[in-house]
Structures are given as C-alpha cells and as structure tokens.
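Just follow the structure's listing: the first ligand is 1, and inside any ligand the first atom is 1. Nothing fancy with the numbering, it's 1 onward along the sequence.
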Amino acid sequence: MGEYDLTLRNGLVVNGVDAFEADIGVVDGQIVAIAAHLSPGKRDEDCTGMMVLPGGVDTHVHLDQPAPGAAMCDDFASGTASAAAGGTTTVVCFAWQEKGQSLRKVRDDYLQRAQKGARVDFAFHLAITDPTDSVIHEELPQLIDLGDRSVKVFMTYDGVRLQDREILNVLAQAAKHGALVCVHAEHHELIEWLTEQLINAGLTAPKYHALAKPMAAEREAVGRVVALAEASGGHIQIFHVSGEDSAIEIARAQENGRPVTAETCPHYLVLTAKDLDRPGFEGAKFIFGPPARTEADREALWKYIKDGTIDVISSDHSPFRYNDKNGKMVAGDDAPFNKIPNGIPGLAARLPVFFNEAVSKKRTEITDFVRLISTNPAKRFGLYPQKGTIAVGSDADFVILDPKRKITLTNAMMHHNSDYTPYEGYECVGYPVATYLRGELIFDGQTVTGAPGIGRYLSRKPYLTPRKTSLLDQT
Ligand code: URP
Ligand code: ZN
Ligand code: ZN
C-alpha cells in the first residue's frame, strides 16, 4: 500500500477542457497518475459527489502593501490563509515601489517577507510608481530576467500614477524584455475635476465616489493605453474592467489584433453603485476603484466573459479594516468619499462567489469556470502548466468543491484580517471543502492548516503573448 503520497478518489475531475470521473495520484507534490482506478495512497481521500478542480490562481492580490495614510490589513500570512480558505493556491501579488525606492530592493524585501509568511505559492507583479532611468533601463530588465514577468502601472491616484510618456517607456522596455504590463486605467484629471465639483457642492457621502469615477474616465483611459501599447509594441492586461463601455473598447482593440487582454472581479458581477448608498458610513465598505456600476453593466460583463474579451477573474484583494483608524475610517467615520481608502477584501470569496454566479446560476459550464479562475490566469502570467490544470506533471494543487453545499457568507469564513466582507449575507450554492498545495492539505473546510512559509516563490520563464479566444474556441 502507498505507491502514492496522496490519492483523491471518485471525484469529478475538472480541468479547463473536460470533466470526468477519475482518481488522482500524487507523489512528491506532483500529479503522477490520473486513471479510472488507482491503488490507495498513504493518504486516501474519498471525493465522491465532489468536484476536484485545479487550485485557484488569483493574479491580482495586494498583500503587505502600503496605502497612503492607511494600511492594508493583510500580510502574507493572513492574506494567504484567506487564499487557502477560498480554494486559491497561487497568488500573484505586488512588489510595490514607492517614490525614491529601488525597484530591486523593493522586490527583494517583498520576496523575503513572502517567503516567511506565504501559505500558498506566489509570484510578483512589479508595481512601478517611480520610473527613473535606472529603474527602467537597469532594474526592470534584471528583474524580468529573474522571473518577475509582469508589471503594473497606474493612470490615476496621486503619488503612484505615471504620465503617458512614462507608461510608453515602461511598455517599450517590458515588450523588449518579455513582460506583460497590467494597467489601472482611469482618467486622473477627469476624476480630480469631478471630485472637486462634488466636494465643493457639499456632496461628500460615499455614494458620490461612483459619480467622481464615472465610466467615461475608465473608457477613455482604456482607449488611451491601448493606443500607447500599439505605438510601443507592449502587451497589456486591463485590470478590473467594471462595465460595458470599457469592455467594448477592449473588444474592439482585440478585433484589430492588439495584444490586449482583460480581467474583471466578482465584485463587478454582484455589487452595484447602489451599495455605496448604504446607511451611515457603511457605503465606505464598498469603495474601490473603478467603482461598481449599474445592473446593466453587471449583465453586460457576462457577454464579454463569454466571448473571451475578459478571460480572467481575479479578486483585486486590497483589504482595509472598516472600523479602524488605519483603515476605512482613517479620516474619520464621516469622511468625504475622496478621503476613504480604495479597496476591498475578496481573496476567499472569489471562487465561491464566481462559482455561484457562473456555474450554479448556469451562466457557464464548469470547464469555463476552471479556465476563468485557474487555467487562463496561469497561462496569462507564465505559470502554466505547473499551475492552472490537473495533468500529469503539474503541481498537485487542488480545491475540492461541494457543488451542492448551500452556504451564507460571513466574515469569519474569509479567514482574513479585515473586520468585514463586502459579501456578508451572500448566499452561494457550491463551496470549497478542502484545499491542497503540492499535495499538502492547507484547508480542511474549517481550519487553515497550511503553515506560514510553506508557499514557494514562482520564477516565471518567458511566455506567449496573450491573444483573445472565446469560450467556444477554448473547448
Ligand atoms: O480600489 C482598488 N482597486 N484598490 C486596489 C488598488 C488597485 O487599484 O488595484
Ligand atoms: Zn488598480
Ligand atoms: Zn488592485
């Protein structure tokens, strides 16, 4: 007995292309066999009635990161506990440069902290906020060579945004050395102008956040950065697409053959701008950028998910505590909307919320779901086939999901350090009951069992430029 360290038996195994009943055998953290019947492993789990999916890959996660005046509340240990509890086994987070800092030193410090704390595997996007000559010409190529093959740039937010000319420099250098550039696309001056008008008129409640950051700001910036990428030869992924107009811009760019892909997040599929209008200061819990939009936008996003315009679902986990002087209340409990930190926690909720919206509500097939939350993000960011699929030779990262389990989300289930979840009270059908990282149980359905430090750094080799494929083309 015990040819395998672990066997998962009798489950419905799902990867990005098909679903079939099979046993899976694991040795030394890797999948070594997938067959109708395998002999029992040293650890033998009966998955009858369960779905066995590749561990989630979340390619937009903020951990241990500064925020102007406030503090994001998850470090690598707490943030990746939340990942494990939500069936995610790989996170791509940010090595976040602040003005004046060496990008190399920033990345080395993040690596050290992540190696101590992470309970799931991790890679880094290089968030460039100070693109000096040495950062662009010396440090960026070095770091891309070391395997940090994605970059994030911001078109808005004081202190972090880049000018268009600086974005061109980043895009050109990233293209030359083989990195993907992820973009926060919103028109800064338009938002500043609107914010000023609203504040001067005394319209300061959280709900005015949505008016200050309208779709026009996002749509314009998406169009502009597509043009910058066209001119520089860079490859881009538009982060957190919030609604129809910017999805249309992206679809048009893709039809014209531009190397542009896009992600959206569960919050754009289940929340709307109306959530900012909750009683008192509660709307602050829903302040993130770009903001959630209308019900029509929410529905429209599905069209662009189904046709492949948007092919990645990430969490944009950017957690603040609500009732906290370092969190949403940094400027008081009745602060104007423009003084409330942008960002919400979402790592643990990503899989169950998206499963419920996509699969339980019959909008997509289960294989589509797997591609959107695991396979595509792994491919887009150079982690496939080590991550993102169930195949012989791939890492033995699994989420065991009970597709019939009915559950109401609460903050305690998120296992993060925030004192709230924007999904409190959300009812799901389907929920993760166990998570395995390289064959080790890291979440048993109740408790996070993965220890800090078990997560490994993933250095990424050069990978293919993303191209649009519709859900139909991918099957
Ligand atoms: O509001 C958000 N999304 N905060 C996190 C930072 C970002 O823009 O990705
Ligand atoms: Zn962003
Ligand atoms: Zn983000």
message: Let's go through His415 and Ser82 carefully: what are the C-alpha distance in whole Å and the side-chain angles of both, what is the deciding distance for side chain to side chain donor-acceptor pair (under 3.5 Å) to 0.1 Å, and is it a yes or a no?
response: CA-CA 5 Å; His415 293 262; Ser82 193; over 6 Å; no
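- In this structure, Lys152 is positioned above the aromatic face of Phe154, its NZ or CZ under 6.0 Å from the six-membered ring centre and within 45° of the axis.
- Of all atoms in ligand 1, listed by their number and element, those nearer than 4.0 Å to a heavy atom of His60 are 9 (O).
- Using cut-offs of 30° and 60° on the angle between ring planes, the pair Phe94 and His62 is parallel.
- When only interatomic distances are considered, the shortest N/O to N/O separation between Phe288 and ligand 1 does not fall below 3.5 Å.
- Taking the six-membered ring where tryptophan is involved, the planes of Phe76 and Phe122 are tilted, since the angle between them lies from 30° to 60°.
- Applying the 4.0 Å criterion to heavy atoms of His184 picks out, from ligand 1, the atoms 7 (C), 8 (O).
- With waters left out, the protein N, O or S atoms under 2.8 Å from the Zn ion (ligand 2) add up to 3.
- Per-residue contacts place Gly343 under 4.0 angstrom from the following atoms of ligand 1 (heavy atoms of the residue considered): 1 (O), 2 (C), 4 (N).
- The side-chain hydrogen bond (donor to acceptor under 3.5 Å, both in side chains) test with Asp316 is passed by exactly one of His184, His267, Arg350, His60: His60.
- Residue Asp316 has at least one heavy-atom neighbour below 4.0 Å for each of these atoms of ligand 1: 2 (C), 3 (N), 5 (C), 9 (O).
- Near Gly289, the atoms of ligand 1 lying under 4.0 angstrom from a non-hydrogen atom of the residue are 1 (O), 2 (C), 3 (N).
- Less than 4.0 angstrom separates some heavy atom of Phe154 from each of these atoms of ligand 1: 7 (C), 8 (O).
- The ring of Tyr420 has its center no closer than 6.0 angstrom to the ring center of Phe286.
- Near His62, with a cut-off below 4.0 Å to any heavy atom, the atoms of ligand 1 are 5 (C), 6 (C), 7 (C), 9 (O).
- Figure legend: Arg104 and Tyr110 shown without cation-pi pairing, the cationic atom not lying both under 6.0 angstrom from the six-membered ring centre and within 45 degrees of its axis.
- Of all protein heavy atoms, the one lying nearest to atom 4 (N) of ligand 1 is Asn342 O, 3.3 Å.
- Around atom NZ of Lys339, no more than 12 heavy atoms belonging to other residues, nucleotides or ligands sit under 6.0 Å away.
- Judged by distance alone, the side chain of Asp275 and the main-chain N or O of Thr272 form a donor-acceptor pair under 3.5 Å.
- If you look at His188 and Tyr157, their ring centroids are not closer than 6.0 Å.
- Looking at Lys152 against ligand 1, only its side chain comes within 4.0 Å, counting heavy atoms.
- Geometrically, Lys328 does not engage Tyr322 in a cation-pi contact, judged by NZ or CZ lying under 6.0 Å from the ring centre and within 45° of the ring axis.
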